Amino acid sequence: MRLVILGGVAAGTKAAARARREYPDADVTIVTQDEYVAYAGCGLPYFVGGEISEAKELIVRTPDEFKQENGINVLTRHQATRIDPATHEVQVRDLTTGTDSLFPYDKLIIATGAVPILPNIDGITLKRVSTVRGLTDAKKIRALLDTGKLKTAVVIGGGFIGLEMAENLGRQGLHVKVVELKAAILPGFDPEIAALAQKHLLEHGVEVFTGEAVTRILGNAHGEAIGVETNARTLEADLVILSAGIRPNTEVAAAAGINTDHRGLILVDEYLQTNLPDIFAVGDCASVRNRITGKDTYSPMGSTANKTGRVVVANLFAPTEAFPGVQGTTIVRLFKLNAARTGLSTDEARDAGFDVETVLVPTPDRAHYYPGNRMIITKLIADKPTHRLLGAQVIGEGVVDKPIDTLALGIAMGITVDQLSGMDLAYTPPFASALSSSLVAANVMLNKLAGKLRGVSPDQLALDDPMLQLLDVRSEPEFLISSIPGAINIPLQELLQRRDELEPTRPTVVVCKVGRRAYSAALQLQRLGFTDVRILDGGMTGWPYETE
Ligand SMILES: Cc1cc2nc3c(=O)[nH]c(=O)nc-3n(C[C@H](O)[C@H](O)[C@H](O)COP(=O)(O)OP(=O)(O)OC[C@H]3O[C@@H](n4cnc5c(N)ncnc54)[C@H](O)[C@@H]3O)c2cc1C
């Protein structure tokens, strides 16, 4: 078999390595236009930030190693320019010599990945303006930082890569600002979780401007970036990072008659086969199925690229191994804050037609008395009629990867909140609480689903509603440190004596630190005849907005 693979980063090299094991006699060739192959793109921000000191640490295997250890031919700086499905040939240009040659294939795997979307503004070709896609970009940025002359940076785009870059530049002492076109950073997270991340970034000196568009990059007489203009302000910037999203790199595939969608994403079936015989597509250039909605989706993730690169090899001769799809599991570290998600967000769940209930529950990540415990906030999203768990987000300074992976597994298996509540999870004080964070969140959700508790998410709290009675039941000292504007403070112990200070017919939202006291207060108020009582989900711990 002559197997030709286009693209040699994550998906392409994964496929090549497995193909070599499965088909020892195959002639396997990777064609890639890049200078580097098999590097860890996900590690680039940490190389820029200096946590990874040498670029070579990110290179998993060199072309020579592929040849010597695996018998795989790797052609770097070779670009596939045309695929001819009829003759089973790929035309390839040697980017060094400019010569073209034809590569016949029996099976073709397209793993041409994605390219950054460049905003259509003046100044993007200035020096000290860079995307962050490959090692070449990362080395260029690292070299600029090593001059020691950069003081300020603007990151255009508040997605994962932009924010990882903001963190890594900020950790090196640069004054970093992020400009994001959408209303919130961290796509895929719910707004109040993204707002918590934004607050944390600000606490670490990274200011984020949401709902703002960069209109121009400003340069000096040497052709170097010195700032950006947005539709609202001018920001100084010795370095501008373009991180405004990516698009699938699929022009060559589309020109060959391979089906793509409106985004240019190559459409594949569950066996990762395109509409054309013997042509497959994997990684950032191909669609995958969302395992909850069943719809085609874009998952430009290293995790997806590696998995699809592996699975595709089983299907080269017959549809053997279906790729089960993705559910949007991701994780990011921003200074001391960790944020992770899996499954559907609240809006995604509603858009998919579910009748949604949510909870936002702060807990320590291990026993509250054990040294080193840190707060995490768990958001669960469930379907009201069936109690099926649809999504989860966990954010905080504590450990979030363990709960999110547990929840991801549960969601993949179609778990209900009731089943989650009964899970036998590991417990000892240094690692968890007797009721671990996910189980506490499941129990709060069950109370909500049973109608025992009504809540309001921080982003839905209508502070401007003149009828709203916002009751803070924490102690007076806690209240004085920080409170939500307009809140009335009646500590839980005084609630019964001071109930006349409240009006039973007005909508009442009760808040405390994490929700426990607010729940008790809400139950008391309901018994006293208050008609519309809700608690603020997440309490003050999960409140990401202004305080007094
Ligand atoms: C800074 C950064 C941080 C990231 N962090 C994470 C993370 O923490 N977690 C996570 O899951 N994912 C992360 N990702 C995403 C992850 O790196 C990508 O999903 C992954 O690299 C995709 O691999 P791929 O092989 O599909 O495509 P790519 O990595 O895009 O590789 C495709 C290759 O194909 C080559 N190519 C394109 N067209 C042609 C052609 N016509 N002929 C020949 N060669 C061609 C390209 O030059 C490129 O070398 C991050 C990405 C970046 C950039």
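Ligands are counted one by one from 1 in listed order, and the atoms in each one are counted from 1 as well. If you're wondering where the values come from, they're calculated on a predicted model, not measured in any experiment.
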Protein heavy atom at shortest distance from [atom]:
| atom | result |
| --- | --- |
| atom 53 (C) of ligand 1 | V132 O, 3.3 Å |
| atom 26 (O) of ligand 1 | D284 N, 2.8 Å |
| atom 42 (N) of ligand 1 | A80 N, 2.9 Å |
| atom 48 (C) of ligand 1 | V9 CG2, 3.8 Å |
| atom 38 (N) of ligand 1 | N249 ND2, 3.1 Å |
| atom 34 (O) of ligand 1 | G7 CA, 3.2 Å |
| atom 24 (P) of ligand 1 | A11 N, 3.9 Å |
| atom 4 (C) of ligand 1 | C42 CA, 3.4 Å |

Judging by distance only, is a nitrogen or oxygen of [X] under 3.5 angstrom from one on ligand 1?
| X | result |
| --- | --- |
| Y39 | no |
| Q33 | yes |
| M301 | yes |

Which of K56, E57, E51 passes side chain to side chain donor-acceptor pair (under 3.5 Å) with S53? It is E57
Please list, in number order, the atoms of ligand 1 under 4.0 Å from a heavy atom of [X].
| X | answer |
| --- | --- |
| G283 | 26 (O) |
| A10 | 23 (O), 25 (O) |
| A305 | 22 (C), 23 (O), 26 (O) |
| S303 | 11 (O) |
| T32 | 35 (C), 43 (C), 44 (N), 49 (O) |
| G41 | 1 (C), 2 (C), 3 (C), 52 (C) |
| V31 | 43 (C), 44 (N) |
| A114 | 30 (O) |

Output field: ring centroids Y23/F317 closer than 6.0 Å
yes
Check [Y] with [X], please: is the shortest side-chain N to carboxylate O separation under 4.0 Å?
| X | Y | answer |
| --- | --- | --- |
| D27 | R2 | no |
| R133 | D284 | yes |
| E224 | R128 | yes |
| D100 | R93 | yes |
| E397 | K336 | no |
| R333 | E167 | yes |

Will you find, in the side chains of T112 and N249, an N or O donor that is under 3.5 Å from an N or O acceptor?
no
Is the NZ or CZ atom of R61 both under 6.0 Å from the centre of the six-membered ring of F66 and within 45° of that ring's axis?
yes
Are any side-chain N or O atoms of R341 and backbone N or O atoms of G328, one a donor and one an acceptor, separated by less than 3.5 Å?
yes
Between N70 (side chain only) and I72 (backbone N and O only), is there a donor and an acceptor less than 3.5 Å apart?
no
Ring-plane angle category for H204 and F335, please: parallel below 30°, perpendicular beyond 60°, tilted otherwise.
parallel
Residue list, salt bridge (Lys or Arg N to Asp or Glu O under 4.0 Å) with R142, at least two apart or on another chain
D146
What part of I161, side chain, backbone, both or neither, has a heavy atom within less than 4.0 angstrom of ligand 1?
side chain
R133, portion touching ligand 1 at heavy-atom distance under 4.0 Å
both
Mark the output for E251 as yes if a heavy-atom distance to ligand 1 is under 4.0 Å, and as no if none is.
no
If you compare A38, G43, P45, G302 by their heavy atoms, the one closest to atom 1 (C) of ligand 1 turns out to be P45
Would you indicate which of G113, P116, P300 comes nearest to atom 27 (O) of ligand 1 when only heavy atoms are counted?
G113
